[in-house]
Amino acid sequence: MASAEIRQPDLSAGVQDALGRGDRRGALALVLEAEQAAPRDIGLKLQRAMVSRALGDLAGALAALEEALSLDPYDYVALLSKGAVVERMDGERAAAAIYRNALSIGPPDDQLPPPLRAPTERARQVVANTMAALEAHLKARTDAVKADCSEASRRRFDESVGILAGRARAYNQEPLLLHYPRLPAIPFHDRALFPWLPELEAATDTIRGELEGALAAAKDDFSPYIAYPKGAPVNQWGELNHSRRWSSFFLWKDGARQDGACQLCLKTAALLESLPMAEQPGFAPTAMFSALEAHTRIPAHTGSTNVRLLCHLPLILPGPARFRVGAETRDWKMGQAWVFDDTIEHEAWNDAGELRVILIFDIWNPFLDAGERELVNALLAARQEFFAG
């Protein structure tokens, strides 16, 4: 932002005085004379661009801004001004890319000097207009081709159009511990990969009955899911840290069966043991009842590794509750489970006025073969051994 400041107050006053008298040529002469003495002064080049625009010489203004940007390609004022000049010369579409580059390096709104607020807002408007027009154009040109695709393919294609148009964000796997390469980044996986899902869904009433028994007999064992120690950075978890607004009752935790909890939920535990839960000693499986209080949001986050996926089964659903993975948001529905990749950014909302509870457990990623599973377990055990030593 240094170039936005006038480095030579006397010159600036002289330029403004000349412009005030309508002597634009005189103002330009003053700036050119100063530039001879300081050819690398970005502030002077910005003044020359401003005076050139006042003269109607847009090409001259653009040349001055290009000189400024050759000295500092990340000068926000120069980029913003270049976008404005290009917009006047060639229209919004030509200026949109320049404006996007400027906005990507601009200061936060609360740090914008007042003279830059209107130009910044104009830049945002041009970028938004251009993205919307591009997306509409792309959809119009591809709708006929898309007609023969499946619903899932159309949704994926529409997401790609939003990304190509610059409106939508591309969500990738962001594991906190282990990123296993060449596994597909799929927010919600195809049910056909998990032939046991109907069996799980058919047991909803049984599992819910045992959950209600656990709530009655061991309510205090539903502990805050987020529990950072004092002094640790909590980032987005400040509101939920050590809060019962999001609590959990573990049946398995970090690979260890919680015998007391499973004793309260014998049928649920037996069913889970029959499913392909991720067996990773010291790490997985984890299986739990996850309870979210009324009108509570779990902020966006990612999980530890893409070698396993998570399964959700809603058990207590008193009203609307949403779940987003990447760009796709779904509503939970009783009796319907799904499997998703939690290394893709996800978040949840309980929009209802009462407690929402779901069953969560992790399973092996079906794109890993049995040999790779053993390799992954050996890898994680070796890492644990290294840091323990």
With a 3.5 Å distance limit and no angle check, can you tell me whether [X] reaches the backbone of [Y] through a side-chain donor-acceptor pair?
X: S70; Y: E67; value: yes
X: R48; Y: G43; value: no
X: H346; Y: H301; value: yes
X: Q173; Y: P184; value: yes

Assess whether side-chain contact (heavy atoms from CB on, under 4.5 Å) is satisfied between Q280 and V307, documenting all intermediate values.
-> CA-CA 10 Å; Q280 297 173 289; V307 300; 3.4 Å; yes

How are the rings of F323 and F340 set to each other: parallel, tilted or perpendicular (split at 30° and 60°)?
->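 It falls in the perpendicular class, over 60°.
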
Parallel, tilted or perpendicular: ring planes of F289 versus F222, cut at 30 and 60 degrees =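 Ring orientation, 0 to 90° scale: parallel.
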
After noting the C-alpha distance and the side-chain angles of E151 and R154, does the key distance pass the salt bridge (Lys or Arg N to Asp or Glu O under 4.0 Å) rule?
-> CA-CA 5 Å; E151 181 181 351; R154 288 196 297 270; 5.4 Å; no

Is the closest side-chain heavy-atom distance between [X] and [Y] below 4.5 Å?
X: T120; Y: Y76; answer: yes
X: F249; Y: L264; answer: yes
X: V325; Y: E328; answer: no
X: M288; Y: K253; answer: no
X: W246; Y: W237; answer: yes
X: R244; Y: E293; answer: no
X: I105; Y: N101; answer: no
X: F194; Y: W338; answer: no

Salt bridge present between [X] and [Y] (N-O < 4.0 angstrom):
X: R297; Y: E347; answer: yes
X: R156; Y: E159; answer: no
X: R155; Y: D158; answer: no

Hydrophobic cluster membership, [X] vs [Y], 4.5 Å side-chain cutoff:
X: F250; Y: F283; result: no
X: L58; Y: V126; result: yes
X: V127; Y: L164; result: no

More than 12 heavy atoms from other groups under 6.0 Å of CZ on R25 = no

Go through the steps to decide whether R324 and E345 satisfy the test side-chain contact (heavy atoms from CB on, under 4.5 Å), and finish with yes or no.
-> CA-CA 8 Å; R324 177 184 70 82; E345 182 186 274; 2.7 Å; yes

Can we call the ring centroids of W252 and F361 under 6.0 Å apart?
-> no

If you take all heavy atoms of [X] and [Y], which pair is closest and at what distance?
X: S150; Y: S153; value: OG-OG, 2.9 Å
X: D341; Y: A185; value: OD2-CA, 4.5 Å
X: A165; Y: E135; value: CB-CB, 3.8 Å
X: L313; Y: A337; value: CD1-CB, 4.0 Å
X: T204; Y: M334; value: CG2-CE, 4.0 Å
X: E174; Y: R169; value: OE2-NH2, 3.6 Å

